[in-house]
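Structure first, then comments.
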Amino acid sequence: MTKRSYRPATTLIHAGQIRSNFSENAEALFLTSGFVYDSAEQAEATFKGEVSHYQYSRFGNPTVSMLESRLAAIEGAEACRATATGMAAVHAAMLCHLKTGDRVVASRALFGSCHWIVSTLLPRYGIEAVFVDGGDLAAWAAALVHKTALVLLETPSNPMLDIIDMRAVCDLAHAAGAIVVVDNVFATPLLQRPLEFGADVVVYSATKHMDGQGRVLGGAVLGRKEWIENTLQPFTRNTGPAMSPFNAWVILKGLETMALRVAQSCRSAAAIADHLAGHAAIERVLYPFRPDHPQAALARAQMSEGGTLVTFALKGGQAAAFRFLNALELVVISNNLGDSKSMMTHPATTTHSKIAPADRAVLGITEGIIRFSVGLEDVADLIDDLDGALKAVG
Ligand SMILES: *Cc1c(COP(=O)(O)O)cnc(C)c1O
C-alpha cells in the first residue's frame, strides 16, 4: 500500500503487507524464532545497526511487523509495537517511561489489571499513584497541579461506560509534564482516535475486537516514532513481552473484517440499548450514544459510534442478575468482550469482585449491573434471548 491514503476499511485489509519472493496473496506466517545472515560481516553490521535485517523474533518478526504497520496506519500513529497481551502493552508503555520518584495520575475506572499496576505495582518501585474520578475535570486539574510523569485513562470505561474528556485532560497533563496513555479497547481505532485529542500513546488489547473471534491474546502500543523506538523498544527488546508471529497472523486476518464486525455490533448494541431502556425489570441502561447517557454529548464529540457494549442495571440486585444470566439461552456468560459471540458478565462478582464493595459503589458497579458485549448474531435473536431471560427475572 502507502501509494495513497485509503479509508479505514481498506486500510485494515491492505496496510503494512510485506510480500515475500513467493508473491503470496495472504500475509505470510513467519513462524520462526530466529533469522540467518549471509555472512559474518552481515551479522556484525546488523548488530551495529548499519543494516536493517531481522535478528530474533523477540526484537522483530515480519508477520508481527505487518500487524504493527497495519495498526499504525489505522490509528494514524507514527509507530506501533505489538505485545503478547493487552496487559503486556499497558505494563510496557508505563514501565518503559517511569522511574522511582515519578508520579502517575490515573482515572479510577480502569480495567482491573490496569488498576492493579497503578495501585499496587508502581508504588513498590517508589512511584506515586493518584486516582481521580475520570469525569471530574476539577479533580484532574487538582491532581495535575503537581509535576507528573504519566497519565493513564480509559474511555469509555469498563463496565460503566463513563466518558473522559480527552482534550481537556491531555491539556492539563501536558502542562504538568506528563505523557497521556489512553486504553482505547472499548472504542477501537474505528470509533475513536485518541491521538487526535492530544494523547501521546494509545494501548490496546488486540484480544478483543481486533482478533474479534475469541482465538488469541495480543496487545499493541502506538505513539510517536521517537518514543516507540527510543523509550519503548529498548524495554520490550530486553524484557520480552513479544507477540507470537502466529497470534500476529490471526489478528491480521481479524483486522480485515474489523470494520464490518464493529459496525454491525454497534448497530445491534444501539438497538438493544433502546429495547432494554423501557423494560420494567430494568433500572437503567448505559449506552454512550443514548441521549440519557450523562455524557452523551461528549461521547458524540469523541466517538463516531456508541460502541459494541451496553451496560444495564437490573432491579433486584444480584439475585435478579443471576436469575437473568442463568436464563439466557444464546448469549453466553463470559468475562471476555469484543467477540463475534455475544457475552454477558456480572462485574460485581467477577471482573470487579476484588475491588472493595465501598470502592465498587464509588464506581457505580452495583449488584444489579450487567455488562453486555454485543456480538454478530442476528439482533432479533439477541432480543428474543434478552426478552426470555427478562421474563425469568419476573
Ligand atoms: C482486556 C482488556 C485489557 C487487557 O488485555 P489482555 O489482552 O486481556 O491482556 C486492558 N484494558 C481493557 C480495557 C481491556 O478490556
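Counting starts at 1 for both ligands and their atoms, in listed order. When a residue number appears, it is its place in the shown sequence, counting from 1.
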The protein heavy atom nearest to atom 9 (O) of ligand 1 is Met87 N, 2.8 Å
If the contact criterion is a heavy-atom separation under 4.0 Å, does Asp183 count as touching ligand 1? yes
List the closest protein heavy-atom neighbour of atom 4 (C) of ligand 1: residue, atom name, distance to the nearest 0.1 Å. Phe111 CE2, 3.4 Å
Nearest non-hydrogen protein atom to atom 8 (O) of ligand 1, with distance, is Ser205 OG, 4.1 Å
Under a 3.5 Å cutoff, is there a donor and acceptor pairing between the side chains of Gln42 and Thr46? no
Do the side chain of Arg58 and the main chain of Arg237 share a donor and acceptor less than 3.5 angstrom apart? yes
Between Glu154 and ligand 1, does any nitrogen or oxygen pair lie at a separation below 3.5 Å? no
Heavy-atom nearest neighbour in the protein, as seen from atom 15 (O) of ligand 1, with distance rounded to 0.1 Å: Lys208 NZ, 2.8 Å
How about His293 and Tyr287: are their ring centres within less than 6.0 Å of each other? no
Could you tell me if the side chain of Ile272 sits less than 4.5 Å from the side chain of Val379, heavy atoms only? yes
For Gln213 and Ser340, test the side chains for any donor-to-acceptor distance below 3.5 angstrom and give the result as yes or no. no
Between Ser57 and Thr32 (side chain of the first, backbone of the second, donor and acceptor by atom type, cut-off under 3.5 Å), is there such a pair? yes
Under 4.0 Å from a heavy atom of Gly218: which atoms of ligand 1 are those, numbered in the order shown and with their elements? 7 (O)
What atoms of ligand 1 come within less than 4.0 Å of a heavy atom belonging to Gly86? 5 (O), 6 (P), 7 (O), 9 (O)
Note: ligand 1 atoms sitting under 4.0 Å from heavy atoms of Thr85 are 7 (O), 9 (O)
Looking only at non-hydrogen atoms, the one of Thr207, Leu337, Asn184 nearest atom 7 (O) of ligand 1 is Thr207
Just by distance, do the side chain of Glu78 and the backbone of Lys225 share a donor-acceptor pair under 3.5 Å? yes
